[in-house]
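To keep things clear, I will list the structure first and then write my remarks on it.
As the structure lists them, so they are numbered: ligands from 1, and atoms in each ligand from 1. As the structure is a prediction and not an experimental result, all values here were calculated from the model.
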Amino acid sequence: MPLRKKRRDFGWLYIVCAGLLPLVLGIVCTAIEARHMVRQQQVATATILLAQAEKMSDNAWNMIAELGQYPSRPCSNIEQHLQRIGTLNAYFRSVGILQGDNITCSSAYGISDGTLEAMMMRPLPITGKASWSLSLPGTSGVPHRPAVIFVRQLPDSSGVWAVIDGQYLMDFMHAMGESRGYQMSLQFGEGAIIASGKSEAPVERYMQSTPFQRESQRYPIRVSVIVPPAELIAAWRQALFIFLPMASIFSIMLMILTANWLRRRISWADEIRRAMRNRQFSVHYQPVYNNTLARCSGAEALLRWQLPNGEMVRPDIFITHAESEGVIVDLTRHLLELMSEDIASWPVMPGFHLGFNLAADHLQHADFTQDIMQFAQAIRDKQMLITLELTERSLIKDGEAVARKLRFLQAQGMKVAIDDFGTGHCSLSYLMTFPLDYLKIDRGFINAIEGLEIETPVLDAIINLCHKLKLEVLGEGVETALQLTYLQQRQVTFIQGYYYARPVASQTFLRWMEEHGTQPLSGMTSAPH
Ligand code: C2E
Ligand code: CA
Ligand code: CA
């Protein structure tokens with residue numbers, strides 16, 4: 001329907017928002033989901049790394065326990081044993097014996113006279129404990145490769161130590177994190193940090209990944225895993241790849257739903273009001289032929305609604321909606337204004353019938369008489385005869401009050417017609433209730449005419465009724481010469497229909513009146529377009 005298209009001045013904004021909503025939500029949700037996924041990977045990696053560090057510590061403390069049998073023996077006796085266990089057990093760089101802080105025997109150098117501090121290349125930690133472990137950036141023998149030292153001081157001031165090569169831990173971290181570019185680090189006690197993976201250039205705050213840290217329950221070991229922003233972006237991209245097709249479908253569905261909702265939400269009443277403000281309504285005038293005078297003696301004013309895109313909205317549709325949505329009174333007032341504007345440029349037309357349609361709501365409205373009188377006043381100088389057309393389509397409830405108003409207007413020189421006669425439920429009761437001057441026979445009855453000699457019983461009955469009630473009668477929707485002749489033969493005075501003339505705009509109507517207004521209607525008379 002053409003009207004629908006224009007019912008969306010801001011509708012497109014709703015539709016765009018509805019389309020964007022799933023996409024924006026999706027982008028936010030996938031970002032959260034990506035963070036969550038990356039966090040889980042971080043936790044899993046840290047857990048595995050910590051388990052590996054604990055396993056190495058288990059090995060180291062087992063080694064320390066085994067070394068506990070050697071401190072009392074001279075280095076020359078145990079040197080070979082130390083070399084063997086230090087070499088054959090996995091992970092170890094060297095193991096050895098202490099006397100006080102001096103290393104008395106080592107698997108790497110045999111009898112030794114260095115201190116533990118010298119080997120660790122740093123002061124001894126103050127732990128207050130007999131057993132401790134510490135990560136080191138290197139040892140005196142291998143200064144550039146990290147290591148972890150495990151030390152146990154025995155009660156007789158001797159002690160044992162074992163050094164695990166940090167390369168094992170670094171290789172392990174490397175194997176776990178290389179493909180993802182994770183940065184991982186390990187720290188034993190308050191020692192040096194053993195790290196793997198390169199640290200990235202600093203990035204925007206919102207792209208930073210928080211480091212995840214975990215501590216061992218059994219040993220003083222702390223691990224940390226940092227996921228680089230690139231990994232976060234990759235996870236986000238992957239989630240988007242899965243989500244976006246779904247979001248697009250959802251987005252299209254939501255747009256369609258919004259468009260439908262808008263279509264239903266914006267009422268006809270709003271549209272009609274807006275159209276009145278924007279002057280989209282105009283009036284067309286359809287000439288009425290008078291058989292007695294053999295000329296045009298009047299016209300019916302009919303509202304037209306043209307949309308900005310040029311399309312027309314059908315009057316029966318917008319009038320029905322205006323009636324049901326309570327804007328018919330305003331619309332009729334608008335019609336009266338438009339007619340006043342048109343008629344201002346018309347010549348004086350004494351006795352010319354100007355008919356227009358009125359809805360039940362308006363007839364029952366308190367201002368009805370005043371509205372009509374105001375209009376009559378506005379066109380007074382043209383000396384026309386106003387005809388009020390009442391339709392049966394909408395029921396007039398307060399018949400008596402309306403009848404009083406009509407009688408008043410009749411007293412002011414106006415005429416009253418019943419329109420679409422025979423199509424409603426109360427044709428006959430209207431005849432009794434209202435003071436009528438004209439009866440307009442609905443097009444449907446005129447259509448039923450099949451031939452001059454063939455009877456059309458209902459139409460004939462309506463015409464007879466009019467004659468009996470002394471009502472002027474008008475045939476609506478006359479489209480053929482046959483229909484015209486049939487009605488003429490039955491003394492139907494007024495003829496309205498495409499056969500005579502179509503409804504046309506004010507200026508066209510005036511031109512038509514000049515050319516055809518006084519001409520008699522014959523089978524060959526053409527209509528204005
Ligand atoms: P209506 O009052 O019965 O008006 C006559 C309708 O028949 C008009 O339709 C007119 O264009 C059409 N018509 C005239 N001659 C012929 C013909 O030979 N053949 C055919 N097929 N149609 C013909 P329109 O203008 O579409 O209006 C339809 C209805 O809308 C009107 O019926 C009237 O009830 C309502 N309407 C139109 N303008 C107004 C208005 O200003 N106020 C109110 N309340 N109702 C209006
Ligand atoms: Ca009418
Ligand atoms: Ca009618």
Side-chain angles (χ1 to χ4, degrees), residues 272 275-276 280-289 296 298-306 312-340 342 353-365 368 371-372 375 386-394 396 415-424 427 430 436-449 462 473-484 487 494-506 509 521 525-529:
I272 290 170
M276 286 194 275
Q280 289 172 14
F281 287 103
S282 64
V283 187
H284 279 195
Y285 302 86
Q286 185 174 31
V288 173
Y289 183 71
C296 172
E300 178 178 1
L302 296 158
L303 262 180
R304 292 290 177 263
W305 181 358
Q306 186 167 29
M312 305 297 295
V313 185
R314 280 175 44 192
D316 50 344
I317 292 175
F318 71 75
I319 293 289
T320 309
H321 285 285
E323 284 176 349
S324 64
E325 295 184 27
V327 276
I328 191 65
V329 174
D330 288 341
L331 190 59
T332 309
R333 284 178 183 151
H334 189 58
L335 166 84
L336 298 176
E337 279 168 27
L338 294 173
M339 282 200 291
S340 304
D342 286 345
H353 286 65
L354 179 70
F356 53 88
N357 300 283
L358 291 166
D361 269 4
H362 201 184
L363 290 160
Q364 288 159 181
H365 197 277
F368 170 68
D371 289 345
I372 301 297
F375 171 67
I386 291 172
T387 305
L388 311 170
E389 297 192 11
L390 278 57
T391 175
E392 293 181 55
R393 235 194 0 249
S394 50
I396 299 168
K415 299 285 178 195
V416 179
I418 180 159
D419 199 0
D420 309 325
F421 185 80
T423 55
S427 310
Y430 272 27
L436 301 174
D437 300 295
Y438 298 95
L439 188 147
K440 298 184 80 170
I441 305 174
D442 189 68
R443 199 171 82 225
F445 300 108
I446 309 294
N447 271 337
I449 298 169
I462 295 173
V473 58
L474 182 148
E476 283 192 313
V478 176
E479 291 183 346
T480 64
L482 169 71
Q483 290 170 349
L484 171 67
L487 295 171
F494 299 100
I495 300 296
Q496 185 180 348
Y498 294 169
Y499 184 70
Y500 183 49
R502 284 178 180 261
V504 285
S506 171
F509 169 71
L521 177 60
T525 304
S526 60
H529 290 278

### Query
Parallel under 30°, tilted from 30 to 60°, perpendicular over 60°: which one fits the rings of F356 and F375?
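F356 vs F375 ring planes: perpendicular.
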Note to self: Assess the residue pair Q483 and I495 against the criterion (side-chain contact (heavy atoms from CB on, under 4.5 Å)); give the C-alpha distance rounded to whole Å, side-chain angles, the decisive distance to 0.1 Å, and a yes or no.
What the structure shows: CA-CA 10 Å; Q483 290 170 349; I495 300 296; over 6 Å; no
Show the distances, to 0.1 Å, for all pairs joining an N/O atom of ligand 1 and a protein N/O atom that are shorter than 3.5 Å, listing one pair per line.
residue	atom	partner	partner atom	Å
ligand 1	2 (O)	E300	OE2	3.1
ligand 1	2 (O)	N357	OD1	2.9
ligand 1	2 (O)	D419	OD2	3.0
ligand 1	3 (O)	D420	OD1	3.2
ligand 1	3 (O)	E476	OE2	3.4
ligand 1	15 (N)	Q286	NE2	2.9
ligand 1	18 (O)	Y498	N	2.7
ligand 1	19 (N)	E479	OE2	2.5
ligand 1	21 (N)	R443	NE	3.4
ligand 1	21 (N)	E479	OE2	3.1
ligand 1	22 (N)	R443	NH1	3.3
ligand 1	22 (N)	Y498	OH	3.4
ligand 1	25 (O)	R304	NH1	2.8
ligand 1	25 (O)	R304	NH2	2.9
ligand 1	34 (O)	R393	NH1	3.2
ligand 1	38 (N)	L303	N	3.1

Sequence neighbours excluded, the answer for salt bridge (Lys or Arg N to Asp or Glu O under 4.0 Å) partners of R443 is none
Q. Under 3.5 Å, is there a donor-acceptor pair between the E479 and N447 side chains?
A. no
Heavy-atom side-chain proximity of E300 to T387 below 4.5 angstrom | no
Listed as residue and atom, the protein N/O/S atoms under 3.0 Å from the Ca ion (ligand 2) are E300 OE2, N357 OD1, E389 OE1, D419 OD2
I would like to know whether Q286 and Y500 meet side-chain contact (heavy atoms from CB on, under 4.5 Å); could you show each step before the answer?
CA-CA 9 Å; Q286 185 174 31; Y500 183 49; over 6 Å; no
Is Y430 reaching over with its side chain to a backbone N or O of I418, donor-acceptor style, under 3.5 angstrom?
no
Would you say D437's side chain and V416's backbone share a donor-acceptor pair under 3.5 angstrom?
-> yes
Residues pairing under salt bridge (charged side-chain N to carboxylate O under 4.0 Å, His left out) where one sits in residues 324-333, two or more places apart or in two chains, turn out to be D330-R333, R333-D367, R333-D371
